Amino acid sequence: MRERVALIGAGPSGMSLLRALALAEDAGAAVPEVVAFERQDDWGGQWNLDWRTGADRHGEPVHSAMYRDLWINGPKECMEYPDYPFDAHFGRAVSSYLPREAMRDYIVGRVAEVAGRIRPEIRFATAVRWVQPLEGGGFAVTSEDLVTREAVTERFDRVVVATGHFHTPHLPSWPGVETFPGQVQHAHDYRSPEPYTGRRVLVVGSSYSGQDLALQLHRAGAAHVTTAYRARPQDIAWPAGMDEAPEVQGFDGAEVTFADGSTAEYDAVLLCTGYRHHYPFLPRELALAGPNLLAPFGLWKGVVWHADPRVLYLGATQQLFTLTLLDAQAFFARDVLLGRVPVPDEEERRADMDAWFERMTRIDGPPAALAYQGAYIQDLSSHTDCPEVDVEAVARTFLEMRDARIEDVRTFRDRRHRSTVTGTLAAAHPVPWMDRPDDSLEEYLHRFPA
Ligand SMILES: Cc1cc2nc3c(=O)[nH]c(=O)nc-3n(C[C@H](O)[C@H](O)[C@H](O)COP(=O)(O)OP(=O)(O)OC[C@H]3O[C@@H](n4cnc5c(N)ncnc54)[C@H](O)[C@@H]3O)c2cc1C
Ligand SMILES: NC(=O)c1ccc[n+]([C@@H]2O[C@H](COP(=O)([O-])OP(=O)(O)OC[C@H]3O[C@@H](n4cnc5c(N)ncnc54)[C@H](OP(=O)(O)O)[C@@H]3O)[C@@H](O)[C@H]2O)c1
């Protein structure tokens, strides 16, 4: 009998898996029956902006953390599917940095050729509520149709978890924070900068959200923006109106004390403190936990749940390469499902996981982190026919971007990079990023006549 696979989540990872399965079927493979469950009304995952915060239109937790003025934070040349160049998608050369809607358009365009077949495999507005391992083998998956409110439980042989891990905020606390008189908001609930205009803002957390939101607020006229780091200061020459402070120790009303003993007053606090792995539909023994890591705990090859290899995860690793990484994982997962990639015994899996974990602990900076994830993508791809990514060239482009950001955080998004796939040099956007309004796809494409 045909195996049944439950895929949970139809963001870029889930879409990549459905596409990879369709391609294998076209090439003559016998593929399992896949039912995909997607809580949102459309595919695209994080790339579906929701103006709501907290609860969505069905009363479910809002998934996306994206905001109105979001542009991609690395050059598109670092996110390019090797078999789907940006030039081909847009029919012209465009800038290295894209606004959110243009990036979503590209991700959806990549699956267009098989969309008519794979979309019907997705049950939209349907949330998976529980996955129960069965004694006789397989899983009972309970899902709820969010429109009819009907719940059904069905049997599947395997489960693929592709629900992302940037939806449930990590919310640390500090002594006295409840005495702070202004707004304390997590980045997941940030949609636009206007509420911060003219204010002194403390941004806590110095990773991608911390960097971008500090800049967004500065650009939109915040009176002053301080970014508080935890591990280490950022390599950024802050412009006037922005600065950096060490870890927050506590609050006394509007006054904040930092780890070096210094204090300052703020009107608002924006927490860019990251996210938690959160899988409320999985029993504890199947649920990934821990911080956002390049080698997450308990996943063989970052994909197969060691404790129960019938469960696979996509997109659970920390993302430097993003779309191409998700695609490499999807091809690997597909070939595990098809039996083309045999899952080795427990001892061999453990040895492999330990080796990658140990290698991760030796990473001493961005070049080493990129080399690590590049090697990981190559390792996955060596088992499949996933389109090959030139990981060294992409890493070089990332590092060019990093140097540009260190030089001037306000202008790095104006730089042009060269595609590692087609060799095309990106077009220049006629307006500097600091002066651009939120660009819709239509407005954006007007800037680059075909
Ligand atoms: C603010 C922000 C900015 C980003 N910017 C960039 C960028 O510039 N470039 C880049 O390449 N990447 C960026 N990313 C990374 C982004 O997460 C990936 O590009 C990509 O969306 C990950 O895809 P995914 O499918 O793994 O997860 P997601 O996109 O998170 O999709 C997961 C899907 O699972 C569904 N789901 C969750 N729970 C359930 C359930 N119980 N039942 C059914 N369905 C469920 C969700 O509705 C969602 O559609 C950004 C992320 C964030 C948070
Ligand atoms: N396109 C864009 O412009 C854009 C914008 C935002 C986000 N994103 C994407 O969104 C994803 C998530 O990024 P993220 O930055 O939200 O999460 P993240 O990369 O996981 O970073 C979380 C940060 O929170 C810090 N932190 C946690 N607890 C803290 C505490 N108590 N005090 C101070 N700092 C604390 C961590 O510090 P340590 O370093 O010390 O652990 C880390 O720097 C990434 O994929 C990113 O690319 C993209």
Side-chain angles (χ1 to χ4, degrees), residues 6-17 36-50 56 60-67 69-76 78-79 97-100 103-104 107 122-131 141 143-144 146 161-174 186-188 190 203-213 215-216 227-232 234 246-248 259 271-276 278-282 291-293 313-326 329-330 413:
L7 166 63
I8 313 175
S13 292
M15 292 159 78
S16 270
L17 177 61
F37 300 91
E38 172 49 60
R39 198 162 55 173
Q40 300 186 68
D41 300 330
D42 202 354
W43 55 18
Q46 280 286 347
W47 295 93
N48 298 333
L49 176 77
D50 195 335
D56 72 8
E60 293 293 302
V62 165
H63 185 80
S64 180
M66 291 211 178
Y67 35 91
D69 301 335
L70 186 133
W71 287 64
I72 58 174
N73 57 351
K76 72 178 193 312
C78 295
M79 302 166 186
Y97 289 86
L98 307 178
R100 168 180 56 68
M103 189 64 169
R104 183 183 185 283
I107 293 167
I122 306 173
R123 293 188 201 160
F124 290 106
T126 304
V128 168
R129 296 295 187 213
W130 192 246
V131 173
V141 175
S143 62
E144 182 181 353
L146 300 172
V161 181
T163 50
H165 59 111
F166 301 129
H167 46 77
T168 303
H170 165 57
L171 291 164
S173 189
W174 296 269
H186 189 275
H188 191 269
Y190 170 94
V203 171
V204 184
S206 58
S207 185
Y208 305 100
S209 295
Q211 286 168 10
D212 195 51
L213 291 183
L215 193 59
Q216 296 266 355
T227 305
Y229 60 86
R230 185 169 60 175
R232 68 194 71 81
Q234 299 174 68
E247 194 170 356
V248 173
L271 301 181
C272 295
T273 44
Y275 296 86
R276 298 153 51 106
H278 187 57
Y279 307 96
F281 49 86
L282 289 177
N292 184 15
L293 295 177
Y313 279 81
L314 298 178
T317 40
Q318 190 182 349
Q319 292 160 24
L320 306 177
F321 281 72
T322 69
L323 299 182
T324 51
L325 163 76
L326 307 180
Q329 292 186 337
R413 281 192 173 100

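First listed ligand is number 1; within each ligand, the first listed atom is number 1. Being a predicted model, the structure only gives us computed values, none of them experimental.
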Among Arg413, Arg100, Met66, the residue with a heavy atom nearest to atom 3 (O) of ligand 2 is Arg413
Pull out every atom of ligand 1 sitting under 4.0 Å from any heavy atom of Phe281, numbered as shown with elements.
41 (N)
Residue, atom and distance of the protein heavy atom nearest atom 23 (C) of ligand 2 read Cys272 O, 3.6 Å
Any chance you could measure His278, atom NE2, to Thr168, atom OG1, to the nearest 0.5 Å?
4.5 Å
In ligand 1, which numbered atoms sit nearer than 4.0 Å to a non-hydrogen atom of Gly164?
27 (O), 30 (O), 32 (C)
With a cut-off of 6.0 Å (strictly less than), are more than 12 heavy atoms of other residues, nucleotides or ligands near CZ of Arg123?
yes
When distances are taken from atom 26 (O) of ligand 1, the protein heavy atom at minimum range is Ser13 OG, 2.7 Å
Does the ring centre of Tyr279 sit less than 6.0 Å away from the ring centre of Tyr313?
yes
Nearest-0.5 Å distance, CG of residue Leu171 to CG of residue Leu271:
6.5 Å
Within 4.0 Å of some non-hydrogen atom of Gly274, the atoms of ligand 2 are 17 (O), 22 (C), 24 (O)
Measuring from Ile72:CD1 to Leu323:CG, what's the distance to the nearest 0.5 Å?
9.0 Å
Under 4.0 Å from a heavy atom of Phe37: give me the atoms of ligand 1 that qualify, with their elements.
43 (C), 44 (N)
Taking only non-hydrogen atoms of Ile8 and a 4.0 Å limit, the atoms of ligand 1 in range are 40 (C), 42 (N), 43 (C)
Report yes or no: does Asp212 have a heavy atom closer than 4.0 Å to ligand 1?
no
Part of Tyr67 within contact of ligand 2 (heavy atoms, under 4.0 Å)
side chain
For ligand 1, which part of Met79 has a heavy atom less than 4.0 Å away: the side chain, the backbone, both, or neither?
side chain
Closest candidate by heavy atom, reference atom 6 (C) of ligand 1, pool Phe321, Trp47, Tyr208, Tyr279
Trp47
What protein heavy atom sits nearest atom 4 (C) of ligand 2, and how far away is it?
Asn73 ND2, 3.6 Å
Nearest 0.5 Å, what's the OH-CZ distance between Tyr97 and Arg413?
7.0 Å
Between Leu320, Thr273, Val203, Leu293, which one has a non-hydrogen atom sitting closest to atom 25 (C) of ligand 2?
Thr273
To the nearest 0.1 Å, how far is atom 44 (C) of ligand 2 from its closest protein heavy atom, and which atom is that?
Tyr208 CD1, 3.7 Å
Is any side-chain heavy atom of Trp71 less than 4.5 Å from a side-chain heavy atom of Met103?
no
Are Tyr229 and Pro246 side-chain neighbours, meaning at least one heavy-atom pair lies under 4.5 Å?
yes
Run down the list Leu146, Leu282, Thr324, Leu70 and name the one with the heavy atom closest to atom 3 (C) of ligand 1.
Leu70
Given Gln46, His63, Gln329, identify the one with the heavy atom nearest to atom 46 (C) of ligand 1.
His63
Counting non-hydrogen protein atoms only, what is the nearest one to atom 49 (O) of ligand 1? Give residue, atom name and distance.
Glu38 OE1, 2.7 Å
For atom 20 (O) of ligand 2, the closest protein heavy atom turns out to be Asn292 ND2, 3.3 Å
Please check whether His165 reaches ligand 1 - meaning an N/O of the residue sits under 3.5 Å from an N/O of the ligand, judged on distance alone.
no
Keeping the roles fixed (side chain from Glu38, backbone from Thr126), state whether a donor-acceptor pair exists under 3.5 Å.
no
Would Thr317 and Gln329 count as having a side-chain donor-acceptor pair, cut-off 3.5 Å?
yes
Pairwise side-chain contact, Leu17 with Leu7, heavy-atom cut-off 4.5 Å (strictly under):
yes
Strictly less than 4.0 Å: does any protein heavy-atom distance to atom 10 (O) of ligand 2 fall in that range?
no
Do side-chain atoms of Thr273 reach the backbone of His170 as a donor and acceptor pair under 3.5 angstrom?
yes
Heavy-atom contacts under 4.0 Å between Arg276 and ligand 2: side chain, backbone, both, or neither?
neither
If the threshold is 4.0 Å, N to carboxylate O, is there a salt bridge linking Arg230 and Glu247?
no
Where ligand 1 meets Gln319 - atom numbers and elements under 4.0 angstrom, heavy-atom basis
15 (C), 16 (C), 17 (O), 18 (C)
With a 4.0 Å cut-off on heavy atoms, is Ile107 in contact with ligand 1?
no
Per-atom contacts, ligand 1 versus Ala162 - under 4.0 Å to a heavy atom
32 (C), 33 (C), 34 (O)
Any non-hydrogen atom of Trp71 lying under 4.0 Å from ligand 2?
yes
Note the single closest protein heavy atom to atom 41 (O) of ligand 2, along with its residue, its atom name and the distance in Å.
Arg230 NH2, 2.9 Å
Please check if any side-chain donor atom of Tyr190 sits under 3.5 Å from a side-chain acceptor atom of Asp212, or the reverse.
no
Atoms in ligand 1 with a heavy atom of Met66 nearer than 4.0 Å:
3 (C), 4 (C), 5 (N), 50 (C)
Measuring only between side-chain heavy atoms, which start at C-beta, is His63 closer than 4.5 Å to Asp56?
no
Looking at atom 14 (P) of ligand 2, what's its closest protein heavy atom, distance included?
Ser209 OG, 3.3 Å
Protein residue, atom and distance nearest to atom 38 (N) of ligand 1, heavy-atom basis:
Thr163 CG2, 3.4 Å
Please work out whether any backbone atom (N, CA, C, O) or any side-chain heavy atom from C-beta onward of Phe166 is under 4.0 Å from ligand 2, and answer side chain, backbone, both or neither.
side chain
Near Thr126, which atoms of ligand 1 are under 4.0 Å from a heavy atom of that residue?
43 (C)
How far is atom 18 (P) of ligand 2 from its nearest protein heavy atom, and which residue and atom is that?
Ser207 OG, 3.6 Å
Please examine the side chains of Gln211 and Thr227, heavy atoms only from C-beta on, and report whether any two atoms are closer than 4.5 Å.
no
What is the closest protein heavy atom to atom 39 (O) of ligand 2, and at what distance does it sit?
Ala231 CB, 4.1 Å
For the residue pair His186 and Tyr275, is the inter-centroid distance of their aromatic rings smaller than 6.0 Å?
yes
Among Pro169, Gly205, Ser173, Ala187, which one puts a heavy atom closest to atom 34 (N) of ligand 2?
Gly205
Heavy-atom proximity to atom 8 (O) of ligand 1, best of Leu320, Ile72, Val62, Leu17
Ile72
